[in-house]
Student: 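The structure that follows is given in the form of structure tokens.
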Amino acid sequence: MTTAYKKMNNCLSQIRKITNLNPEIAIVLGSGLGSFAKKVKKECIIPYADIEDFPVSTNKMHKGRFVLGYIEDFPVIVMDGRIHYYEGYTMEQVVMPIRLMSMMGAQKIVLTNAAGGINDTFYPGCLMAITDHITSFIPSPLIGENIKELGIRFPDMTNIYDQKLTEVMRKCAKNLDIDLKSGVYLQTTGPNYETPAEIRAYKTLGADAVGMSTACEAMAAVHCGMKVCGISCITNMAAGISDSPLDDKEVGEIASGSSGIFSQLIYNTILSI
């Protein structure tokens with residue numbers, strides 16, 4: 001048993017002293033998208049800081065807590081704020097919450113984020129279903145001794161974002177009259193935004209959106225055997241595509257402005273999967 005797995009078991013035992021809820025679906029809320037947590041019929045709220053050996057969110061747009069409860073009859077666990085590599089944590093710590101939610105019973109996971117748009121047809125406030133990702137610019141969360149209790153040493157990443165779950169989300173978007181885009185997400189380390197030259201390079205590689213999270217979580221989830229669905233809220237056009245300077249205030253404002261349609265789409269998707 002690896003040290004990392006021992007720590008996760010310690011975290012799990014602490015949570016089990018608070019709740020016995022076995023979530024079917026996990027949801028990770030990105031920057032400015034925390035309002036979805038209000039839709040959960042809450043059984044309990046567990047701040048990350050209350051769990052020994054667990055990383056704590058430092059980004060001001062992330063509350064840093066687990067919300068456990070129900071979306072109608074579906075038991076869920078929500079990460080109201082995530083852990084980022086740029087906060088100084090190891091990649092192992094960054095994906096620790098994903099692995100823990102899998103150990104609690106979650107078999108499906110919906111990953112969300114605020115992202116910069118690279119695709120010329122995108123616009124601030126639109127939503128993008130993630131169909132694939134590029135992680136060549138960050139360390140793999142699977143580096144190091146394999147945690148065999150969670151998954152195999154060399155997991156296949158051909159279909160990271162489950163096609164059936166993504167199609168369900170598309171149908172829900174159509175029913176809600178939401179202009180849901182589709183595309184490839186590229187993760188960087190952050191916390192700095194990208195340069196125009198980097199964005200041109202990412203576009204050449206086939207990226208439609210860029211951000212500082214999510215892809216590493218998806219890899220860890222697949223390693224655990226979870227089915228993954230991903231969605232980005234495009235909060236700004238990436239560097240060099242527009243003349244506007246980039247700042248986190250804009251990210252928060254646009255994400256908050258799109259939170260209504262975003263929350264409804266996630267809610268309906270959960271009820272349909």
Student: Any heavy-atom pair between the side chains of Phe137 and Thr189 that's under 4.5 Å?
Tutor: no
Student: Determine whether Glu198 and Thr195 make a side-chain contact, defined as any pair of heavy atoms from C-beta on separated by less than 4.5 Å.
Tutor: yes
Student: Carefully, step by step, assess Glu52 and Cys11 under the rule side chain to side chain contact (heavy atoms under 4.5 Å, CB included).
Tutor: CA-CA 7 Å; Glu52 182 184 6; Cys11 293; over 6 Å; no
Student: Is there a donor-acceptor pair under 3.5 Å between the side chain of Asn159 and the backbone N or O of Asp162?
Tutor: no
Student: Using only atom types and a distance under 3.5 Å, with no angle test, would you say the side chain of Arg16 pairs donor to acceptor with the backbone of Met104?
Tutor: yes
Student: Any sub-3.5 Å donor-acceptor pair from Thr204's side-chain atoms to Arg200's backbone N or O?
Tutor: yes
Student: Is it the case that atom CD in Gln107 sees more than 12 heavy atoms from other parts of the structure closer than 6.0 Å?
Tutor: no
Student: side-chain hydrogen bond (donor to acceptor under 3.5 Å, both in side chains), that's the test. Do Thr135 and Gln187 meet it? Break it down for me.
Tutor: CA-CA 6 Å; Thr135 58; Gln187 182 178 349; over 6 Å; no
Student: Step through the shown structure and confirm whether more than 12 heavy atoms of other residues, nucleotides or ligands are within 6.0 Å of CD on Glu194.
Tutor: yes
Student: Considering residues, nucleotides and ligands other than Lys42, do more than 12 of their heavy atoms fall under 6.0 Å from its NZ?
Tutor: yes
Student: Could you go through the side chain to side chain contact (heavy atoms under 4.5 Å, CB included) check for His84 and Val94 one step at a time?
Tutor: CA-CA 6 Å; His84 299 84; Val94 170; 5.9 Å; no
Student: In a check of side chain to side chain contact (heavy atoms under 4.5 Å, CB included) between Val76 and each of Ile27, Val67, Leu21, which one passes?
Tutor: Ile27
Student: Kindly give the heavy-atom pair with the smallest separation between Thr214 and Arg82, and that separation in Å.
Tutor: OG1-NH2, 3.3 Å
Student: How long is the straight-line distance from SG of Cys229 back to CD1 of Ile270, given to the nearest 0.5 Å?
Tutor: 9.5 Å
Student: Could you grab the distance from atom CD1 of Ile77 to atom OG1 of Thr19, nearest 0.5 Å is fine?
Tutor: 8.5 Å
Student: Got Tyr85 and Gln93 here, is their nearest side-chain heavy-atom distance under 4.5 Å?
Tutor: no
Student: Less than 6.0 angstrom separating the ring centers of Tyr185 and Tyr202, yes or no?
Tutor: no
Student: Check Val28 against Ile98 and note the closest heavy-atom contact, atom names and distance.
Tutor: CG2-CD1, 3.9 Å
Student: Between Glu167 and Lys164, does any side-chain N to carboxylate O distance fall below 4.0 Å?
Tutor: no
Student: Is there side-chain contact between Met157 and His133, with heavy atoms separated by less than 4.5 Å?
Tutor: no
Student: Are the side chains of Leu271 and Ile71 in contact, using a 4.5 Å heavy-atom criterion?
Tutor: yes
Student: Using 30° and 60° as the class limits, which term best fits the ring planes of Phe262 and Phe36: parallel, tilted or perpendicular?
Tutor: perpendicular
Student: With the 4.5 Å side-chain cut-off for hydrophobic clustering, are Met1 and Leu100 part of the same group?
Tutor: yes
Student: Is there a donor-acceptor contact under 3.5 Å from the side chain of His223 to the main chain of Ile152?
Tutor: yes
Student: Would you find a donor on one side and an acceptor on the other, under 3.5 Å apart, between the side chain of Gln14 and the backbone of Asn10?
Tutor: yes
Student: As an exercise, state the distance from SG of Cys216 to CD1 of Ile138, rounded to the nearest 0.5 Å.
Tutor: 5.0 Å
Student: Can you tell me how far the CD atom of Glu87 sits from the OG1 atom of Thr58, to the nearest 0.5 Å?
Tutor: 3.5 Å
Student: Tell me if a side-chain donor or acceptor on Asp50 pairs with a main-chain N or O of Ile46 at a distance below 3.5 Å.
Tutor: no
Student: Do the side chains of Asp80 and Arg65 get close enough for a salt bridge, i.e. N-O under 4.0 angstrom?
Tutor: yes
Student: Measure the shortest side-chain to side-chain distance between Phe54 and Pro97 over non-hydrogen atoms and say whether it is less than 4.5 angstrom.
Tutor: yes
Student: Can you establish whether the number of heavy atoms outside Lys41 located under 6.0 Å from its atom NZ is more than 12?
Tutor: yes
Student: Salt bridge check, Glu24 against Lys108: does any charged N sit closer than 4.0 Å to a carboxylate O?
Tutor: no
Student: Of all heavy-atom pairs between Ala173 and Leu265, which one has the smallest distance, and what is that distance?
Tutor: N-CD1, 3.6 Å
Student: Can you tell me if Gln264 uses its side chain to pair, donor with acceptor, with the backbone of Ile261 under 3.5 Å?
Tutor: no
Student: How long is the straight-line distance from CE of Met226 back to CD1 of Ile109, given to the nearest 0.5 Å?
Tutor: 4.0 Å
Student: With clusters defined by side-chain heavy atoms of hydrophobic residues (ILVMFWY) lying less than 4.5 Å apart, directly or transitively, does Val95 cluster with Phe154?
Tutor: no
Student: Whether the side chain of Tyr70 engages the backbone of Glu43 through a donor-acceptor N/O pair (distance < 3.5 Å, no angle test) should be reported.
Tutor: no
Student: Looking at every heavy atom in both Lys39 and Ser263, which two are closest together, and how far apart are they?
Tutor: CE-CB, 3.6 Å
Student: Between Arg99 and Met8, which heavy-atom pair has the shortest distance, and what is it?
Tutor: CB-SD, 3.4 Å
Student: Quick check for you: to the nearest 0.5 Å, what is the distance between Asn146 atom CG and Lys148 atom NZ?
Tutor: 9.5 Å
Student: Determine whether Ile83 and Met96 satisfy the following criterion, side chain to side chain contact (heavy atoms under 4.5 Å, CB included), listing intermediate values before the conclusion.
Tutor: CA-CA 9 Å; Ile83 311 300; Met96 186 179 186; over 6 Å; no
Student: Please give me the minimum heavy-atom distance between Val184 and Gly206, naming the atom from each residue.
Tutor: CB-O, 3.5 Å
Student: Let's go through Asn113 and Ser232 carefully: what are the C-alpha distance in whole Å and the side-chain angles of both, what is the deciding distance for side-chain hydrogen bond (donor to acceptor under 3.5 Å, both in side chains) to 0.1 Å, and is it a yes or a no?
Tutor: CA-CA 5 Å; Asn113 61 53; Ser232 295; 2.7 Å; yes
Student: Does a side-chain heavy-atom distance below 4.5 Å link Pro124 with Ile234?
Tutor: no
Student: Can you tell me if NZ on Lys7 sees more than 12 non-hydrogen neighbours from other groups inside 6.0 Å?
Tutor: no
Student: Give every residue pair that meets the side chain to side chain donor-acceptor pair (under 3.5 Å) criterion with at least one member in residues 118-132, sequence neighbours excluded.
Tutor: Asn119-Thr121, Asn119-Asp208, Asp120-Lys203, Tyr123-Asp179
Student: Give a yes or no on this: more than 12 heavy atoms of other residues, nucleotides or ligands lie within 6.0 Å of atom NZ of Lys227.
Tutor: no
Student: So Ile199 and Ile118, do their side chains get closer than 4.5 Å, heavy atoms only?
Tutor: yes
Student: Could you walk me through whether Cys224 and Met103 pass side chain to side chain contact (heavy atoms under 4.5 Å, CB included), step by step?
Tutor: CA-CA 9 Å; Cys224 291; Met103 291 169 66; over 6 Å; no
